[in-house]
Amino acid sequence: MSTKFQQHSSDEVVRMMHTIEKTARTIACSIGVVAFATAFTGCNQLATQAPQSVNPLAARAAALDSVSPHSPAQPTTTEPLSVQTDGDRYVARQYPSTPPYTPPSSGYTAPNNYQPPSSYSAPPSLSSPSQNYNGGNTYSAPTTAPPSTQYTAPTYPDSTFAPPSNTFPGTGYPDSGTLLPYGADPYGGAPSSVPMPTVREADLIINGFPARTGRIMLGGAVNSDAGVTGQITVDERNFDIMRWPRSFQDLVSGTAFRGAGQTFRIEAAPGSDYDRYTINFADPNLFGYKPVSMSVSGFLVDRSFDDWDEERLGGRLSFGYRITPDLSISLGISGQSVEVTNPSVRGVAPLEAVLSDNVGRNEVYSGSLSLKHDTRDSPIQSSQGHYFEFSFEEAFGDFDYARIETEYRKYWLIAQRADGSGKQTLSYSNQLGFSGEDTPLFENFFAGGYATMRGFDFRGASPVVASANGNVEVGGRFKFLNTVEYMFPITADDAFKGVAFVDFGTVESDVELHSDSFRVAPGAGLRVAIPMLGPAPLAFDFAYPVNKAPTDDTQVFSFYMSLIR
């Protein structure tokens, strides 16, 4: 750039013109330096990003770059920055950290008075309100500011980003010797707030590919309650009941009946003491609405007990609603046909009332309401949290009765190693239940065995009815069962763990507790974790009843072993 000046004879005028030319060059250089610094700051924010590449969303990113996210009345606001990376898009909206700013719309009010830190021996006085700031509240600057500099209160460009209400503790004045916050005006007095750091907003696009969701499992189990049982399971966790095959290729390639996130499970478990066959379909997001789920299941169970054989055929439909991630409620209706055959003793009234030889098959239908709250860290060998379930059931059909049950389990983590292994856990569990007077024999509560009360035979801690030919375990309408257990590691790899426990409680014909039938069984056991056999550890427990009913059947050793592949 060249500047021409008209020559005058006066030397004073010439010197004045040279001064003006020098000042203009200085101003131009300053503007260039500021522009370069601003451009460098913007580029430096993106220096760590990957090189730009072609992306299908480039058109949308270019459109975002050309439109300011703020009001048109704010032309000085920084535009959104768009970066193209390999396969992904990163859009950053960068807010400036240098003036000028735009006042926020969030209703922020600056303080009327400013009090410097207590280290000031003579804090500066404040002048009368000199500026109306955001809705009538005043902002005042100290009168010690040099007359040549006017202080301007900083503002912010986005209404969602409000400055703090308190002052920055490091503020000070040039003559006080204290440090100023970054970006503060050394001659503008104490600021009402401190400019906040750079904030970015990013849009993340995640591309996922479904993993293998279907599986066929073969396994078996043996335990002291149910004998030997085999198991074959077909499980699909990404089922789609509406995606029927349109060709033979869809069927053999695995694209049919897949893709909606539903669950479909078929299980067959034949055994020495009982057979179980089930089919289940569940939709975790019914009609695309996340909190609501639906489940439909059918079952056939054939079980041989000591005093009779029992076969159940039925189904269940339930709807669930997840209130919070830990709390859920469900409503269901079920129906089943129960056949009771092969009684070991005749003449016992509760058993005769349900025998198929006398009344045929027993038809029982029910509606139920259940509430669950689960905060456990793991459903198997939990170490923290609790599990609570409350259920109410109203039965009708051949029998009309109501049933209320609650279950509560609490886990405390006593100690663990630095890496999270070697956990020592204390737990308490409680089962409480009550059923109406018209409850049939096969729906009564029973206790005894590995799953309820160790130290007793399966159903051996239950009320009995005596007859001339022997006793019949008929169960009761009231149960109160408890367990306190302490688990600790034995080996460094947690493959072997030990347990010490006390099982106590009772099952009674009515809602009552009797000292002569209240069961207490302390014991100890071993847990063996073998990953190749499945998630559930092998369990071996020894328990000895120290208090029991005269008619109870005891069993000191109980165990559970399973294999699922």
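We use all heavy atoms of the structure for the numbers below, so side chains are in, but hydrogens, waters and symmetry mates are not.
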Q: If I compare all heavy atoms of Ala268 with all of Tyr277, which pair ends up nearest, and what's the gap?
A: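 Looking at all heavy atoms of both residues, the closest pair is CB-CD2, 3.6 Å.
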Q: Any chance you could measure Arg361, atom CZ, to Glu339, atom CD, to the nearest 0.5 Å?
A: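 Between atom CZ of Arg361 and atom CD of Glu339 there are 4.5 Å.
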Q: If every non-hydrogen atom of Asn223 is compared with every non-hydrogen atom of Ala226, which pair is closest and at what distance?
A: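 Closest approach of Asn223 to Ala226, heavy atoms only: OD1-N, 2.7 Å.
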Q: Which heavy-atom pair separates Ala447 from Leu481 by the least distance, and what is that distance?
A: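 That closest heavy-atom pairing would be CB-CD2, 4.0 Å.
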Q: When you measure from the side chain of Ser366 to the backbone N and O of Glu393, does any donor-acceptor pair fall under 3.5 Å?
A: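 No, Ser366 side chain to Glu393 backbone: no donor-acceptor pair under 3.5 Å.
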Q: Please identify each residue that fulfils salt bridge (Lys or Arg N to Asp or Glu O under 4.0 Å) with Glu267, with sequence neighbours left out.
A: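 Listed in chain order: Arg265, Arg276.
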Q: Could you tell me whether a side-chain N or O of Asp377 sits under 3.5 Å from a main-chain N or O of Ser383, the two making a donor and an acceptor?
A: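 Checking the backbone N and O of Ser383 against the side chain of Asp377, a donor-acceptor pair under 3.5 Å is found.
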Q: Looking at Asp302, is its backbone amide N or carbonyl O close enough to the side chain of Asp275 to form a donor-acceptor pair, meaning the two atoms are under 3.5 Å apart?
A: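 Not confirmed, Asp275 side chain does not pair with Asp302 backbone.
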Q: Would you mind reporting whether Pro489 and Lys423 have side-chain heavy atoms less than 4.5 Å apart?
A: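 In short, these two side chains do not touch, never coming nearer than 4.5 Å.
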Q: Check whether any side-chain N or O of Ser427 sits under 3.5 Å from a backbone N or O of Tyr411 as a donor-acceptor pair, and report yes or no.
A: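 No, Ser427 side chain to Tyr411 backbone: no donor-acceptor pair under 3.5 Å.
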Q: Salt bridge (Lys or Arg N to Asp or Glu O under 4.0 Å) with Arg243: which residues, sequence neighbours excluded?
A: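 Checked Arg243 against salt bridge (Lys or Arg N to Asp or Glu O under 4.0 Å); zero matches.
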Q: ring-ring contact (aromatic ring centres under 6.0 Å, His included): which pairs involve residues 474-531, sequence neighbours left out?
A: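 Matches after skipping sequence neighbours: Tyr486-Phe488.
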Q: Has Asn238 got a side-chain atom pairing as donor or acceptor with Arg258's backbone, closer than 3.5 angstrom?
A: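 Looks like no, no N/O pair under 3.5 Å.
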Q: Quick check for you: to the nearest 0.5 Å, what is the distance between Ile232 atom CD1 and Ile266 atom CD1?
A: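 Going from the CD1 atom of Ile232 to the CD1 atom of Ile266 covers 10.0 Å.
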Q: Under the 3.5 angstrom rule, does the side chain of Arg519 hit a backbone N or O of Ser517 as a donor-acceptor pair?
A: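 Flag set: sc Arg519 to bb Ser517 pair under 3.5 Å.
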Q: Check Ser378 against Ile380 and note the closest heavy-atom contact, atom names and distance.
A: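 Taking every non-hydrogen atom into account, OG-O, 2.9 Å.
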Q: Who passes side-chain hydrogen bond (donor to acceptor under 3.5 Å, both in side chains) against Ser558, sequence neighbours left out?
A: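 Here no residue qualifies.
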Q: If you round to the nearest 0.5 Å, how far is OG of Ser435 from CZ of Arg403?
A: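 One finds 4.0 Å between CZ of Arg403 and OG of Ser435.
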Q: What pairs meet the side-chain hydrogen bond (donor to acceptor under 3.5 Å, both in side chains) rule with one or both residues in residues 321-333, with sequence neighbours excluded?
A: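 Qualifying pairs: none.
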Q: Give a yes or no on whether the ring-centroid distance for Phe239 and Phe257 is below 6.0 angstrom.
A: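 Ring centres of Phe257 and Phe239 closer than 6.0 Å.
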Q: Going by the rule side-chain hydrogen bond (donor to acceptor under 3.5 Å, both in side chains), which residues pair with Asn430 if we only count those two or more places apart in sequence or in a different chain?
A: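 Counting only residues at least two positions away or on another chain, Asn430 forms a side-chain hydrogen bond (donor to acceptor under 3.5 Å, both in side chains) with Asn482.
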Q: When you check the gap from the basic side-chain N to the acidic O, do Asp510 and Arg477 get nearer than 4.0 Å?
A: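 Yes, Asp510 and Arg477 are salt-bridged.
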Q: Mind checking what makes side-chain hydrogen bond (donor to acceptor under 3.5 Å, both in side chains) contact with Ser562, not counting sequence neighbours?
A: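 Ser562 satisfies side-chain hydrogen bond (donor to acceptor under 3.5 Å, both in side chains) with no residue once adjacent residues are dropped.
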Q: Going by salt bridge (Lys or Arg N to Asp or Glu O under 4.0 Å), name the residues that satisfy it together with Arg376, two or more places apart in sequence or in a different chain.
A: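 Only Asp374 meet the salt bridge (Lys or Arg N to Asp or Glu O under 4.0 Å) criterion with Arg376.
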Q: So, taking the atom named OG1 in Thr425 and the one named CG in Leu413, what distance separates them when rounded to the nearest 0.5 Å?
A: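 Between Thr425 OG1 and Leu413 CG, I get 5.5 Å after rounding to 0.5 Å.
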Q: Restricting to salt bridge (Lys or Arg N to Asp or Glu O under 4.0 Å), what partner residues turn up for Arg312, sequence neighbours left out?
A: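 By the salt bridge (Lys or Arg N to Asp or Glu O under 4.0 Å) rule, Arg312 matches Glu310, Glu443.
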Q: Quick check for you: to the nearest 0.5 Å, what is the distance between Ile329 atom CD1 and Leu369 atom CG?
A: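 Answer for the CD1-CG pair, Ile329 versus Leu369, is 5.0 Å.
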Q: Could you pull out the closest heavy-atom pair between Glu389 and Ser370, with the gap in Å?
A: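 Scanning both residues, the minimum pair turns out to be OE2-OG, 3.4 Å.
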Q: Is the closest side-chain heavy-atom distance between Leu426 and Val484 below 4.5 Å?
A: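 Yes - at least one pair of side-chain heavy atoms lies under 4.5 Å apart.
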Q: Under a 4.5 Å cut-off applied to non-hydrogen side-chain atoms, are Asp503 and Pro545 in contact?
A: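 A side-chain contact is absent here, since even the closest heavy-atom pair is not under 4.5 Å.
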Q: Look at the side chain of Asn362 and the backbone N and O of Val354, then say whether any donor-acceptor pair between them is shorter than 3.5 Å.
A: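 Yes, the answer is positive, given that a donor and an acceptor are paired below the 3.5 Å cut-off.
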Q: Set out, in order, the CA-CA distance, both residues' side-chain angles and the distance that settles salt bridge (Lys or Arg N to Asp or Glu O under 4.0 Å) for Asp306 and Arg459, then state yes or no.
A: CA-CA 9 Å; Asp306 292 339; Arg459 291 192 167 185; over 6 Å; no
Q: Among Leu351, Asn342, Val345, find the residue that satisfies the side-chain contact (heavy atoms from CB on, under 4.5 Å) test when tested with Trp308.
A: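 With Trp308 as partner, side-chain contact (heavy atoms from CB on, under 4.5 Å) holds for just one option, Leu351.
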Q: Which pairs, with at least one residue in residues 539-563 and sequence neighbours excluded, count as a ring-ring contact (aromatic ring centres under 6.0 Å, His included)?
A: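 Qualifying pairs: Phe542-Phe557, Phe557-Phe559.
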Q: Per the side-chain hydrogen bond (donor to acceptor under 3.5 Å, both in side chains) rule, what does the pair list look like for residues 524-534, sequence neighbours excluded?
A: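 Matches after skipping sequence neighbours: Arg527-Asp541.
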Q: Nearest 0.5 angstrom please: Gln336 CD to Leu313 CG, how far?
A: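 Rounded to the nearest 0.5 Å, the CD-CG separation comes to 9.5 Å.
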Q: Name all pairs fulfilling the ring-ring contact (aromatic ring centres under 6.0 Å, His included) condition that reach into residues 421-472, sequence neighbours left out, sorted by first residue then second.
A: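 As it turns out, there is no ring-ring contact (aromatic ring centres under 6.0 Å, His included) pair with a partner in residues 421-472 once direct neighbours are skipped.
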Q: Can any side-chain N or O of Ser297 pair as donor or acceptor with the backbone N or O of Gly315 at less than 3.5 Å?
A: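 Not a single qualifying donor-acceptor pair exists.
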Q: Donor-acceptor pair, Asp552 side chain versus Ala549 backbone, under 3.5 Å?
A: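 Yes, the answer is positive, given that a donor and an acceptor are paired below the 3.5 Å cut-off.
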Q: Is a side-chain N or O of Ser272 found less than 3.5 angstrom from the main chain of Val228, in a donor-acceptor match?
A: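 Yes.
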Q: Decide yes or no on salt bridge (Lys or Arg N to Asp or Glu O under 4.0 Å) for Asp494 and Arg417, but give the supporting numbers first.
A: CA-CA 11 Å; Asp494 289 344; Arg417 303 189 187 101; 3.6 Å; yes
